Visitor: 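Below is the structure I would like to discuss, written out as structure tokens.
Treat the numbers as computed from the prediction; the structure is a model and nothing was measured.
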Amino acid sequence: MARTILIPIDLSEHSKRAFSFFVDNMYRPGDKVLLFHSVEMPTMPAFAAGPQSSSGAVEAWKRMFDAHLREVEKLKEKFDRLIEEKKLQQAEFVIDDRTVNLAGERICQYSQENGVSMIVMGTRGQGLVRRTILGSVSDFVLHHSRLPVTVVPPVEKK
């Protein structure tokens with residue numbers, strides 16, 4: 001039976017490592033691989049959206065957003081090369097540009113709504129205190145997904 005695997009990606013080495021781990025260790029012919037990227041909208045200061053806003057703040061926000069869209073294009077190119085290198089038959093990009101919720105919530109929601117069989121994702125390997133204060137997308141998905149989740153740890157530093 002064919003599986004649908006969701007791999008959240010960004011420009012980090014962590015998502016590339018998770019993709020490679022999946023392909024090298026878990027991939028089965030017939031698997032459909034969804035490379036999921038959640039667009040993070042740059043935040044705009046509250047004063048920039050009000051009646052007193054300056055066009056400079058709005059223009060700065062637009063530049064940040066355009067820069068992020070260029071990063072998404074680089075991301076797609078990077079993974080296109082990896083897909084070709086690994087000779088995957090069924091791989092597609094999913095760009096999630098919903099601006100509600102956090103990335104972890106969107107990963108769980110998309111997976112549930114789209115018949116995903118398993119999630120494979122990287123982690124930065126934050127310590128307990130940092131992860132507790134800042135949160136972690138992989139930690140959120142691991143604890144809130146109703147699907148099997150494989151978290152690929154960072155390479156151990158020597």
Visitor: Tell me which donor-acceptor pairs under 3.5 Å the side chains of residues 20-30 have, and how far apart each pair is, sequence neighbours excluded?
Guide:
from	atom 1	to	atom 2	distance (Å)
Ser20	OG	Lys16	O	3.2
Asp24	OD1	Lys86	NZ	3.1
Asn25	ND2	Phe21	O	3.0

Visitor: Under 3.5 Å, is there a donor-acceptor pair linking the side chains of Glu105 and Gln109?
Guide: no
Visitor: Do Ile5 and Val151 sit in one hydrophobic cluster, given that two such residues count as connected whenever their side-chain heavy atoms are within less than 4.5 Å of each other, even indirectly?
Guide: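 No: no chain of side-chain contacts under 4.5 Å links Ile5 to Val151.
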Visitor: For the residue pair Asp96 and His37, establish whether any side-chain heavy-atom pair is separated by less than 4.5 Å.
Guide: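 Not touching, per the 4.5 Å side-chain cut-off.
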Visitor: When you look at Leu82 and Leu88, which way does the side chain to side chain contact (heavy atoms under 4.5 Å, CB included) test go after all the steps?
Guide: CA-CA 9 Å; Leu82 288 170; Leu88 292 186; over 6 Å; no
Visitor: Could you pull out all residues at least two apart from Arg3 that satisfy side-chain hydrogen bond (donor to acceptor under 3.5 Å, both in side chains)?
Guide: Asp31
Visitor: Report, as yes or no, whether the 6.0 Å neighbourhood of atom CD on Glu84 holds more than 12 heavy atoms from other residues, nucleotides or ligands.
Guide: no
Visitor: The criterion is salt bridge (charged side-chain N to carboxylate O under 4.0 Å, His left out); which residues satisfy it with Lys87, sequence neighbours excluded?
Guide: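 None.
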Visitor: Give the intermediate values and the outcome of side chain to side chain contact (heavy atoms under 4.5 Å, CB included) for residues Lys32 and Glu92.
Guide: CA-CA 8 Å; Lys32 179 179 181 179; Glu92 66 183 66; 3.3 Å; yes
Visitor: Hey, what's the ring geometry for Phe36 with Tyr110, parallel, tilted or perpendicular (30° and 60° as the breaks)?
Guide: tilted
Visitor: Determine whether Val33 and Gln90 satisfy the following criterion, side chain to side chain contact (heavy atoms under 4.5 Å, CB included), listing intermediate values before the conclusion.
Guide: CA-CA 6 Å; Val33 179; Gln90 295 185 63; over 6 Å; no
Visitor: Of all residues at least two apart in sequence or in a different chain, which pass the side-chain contact (heavy atoms from CB on, under 4.5 Å) check with His143?
Guide: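 Partners of His143 under the side-chain contact (heavy atoms from CB on, under 4.5 Å) test: Asp139.
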Visitor: I need the minimum non-hydrogen distance between Phe79 and Asp10, along with the two atoms involved.
Guide: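 That would be CE1-O, 3.9 Å.
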Visitor: In chain order, what residues pass the side-chain hydrogen bond (donor to acceptor under 3.5 Å, both in side chains) check against Ser111, with sequence neighbours excluded?
Guide: none
Visitor: Taking side-chain hydrogen bond (donor to acceptor under 3.5 Å, both in side chains) as the definition, give me every residue that meets it alongside Gln89, ordered by chain and number, with sequence neighbours left out.
Guide: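 side-chain hydrogen bond (donor to acceptor under 3.5 Å, both in side chains) list for Gln89, sorted by chain: empty.
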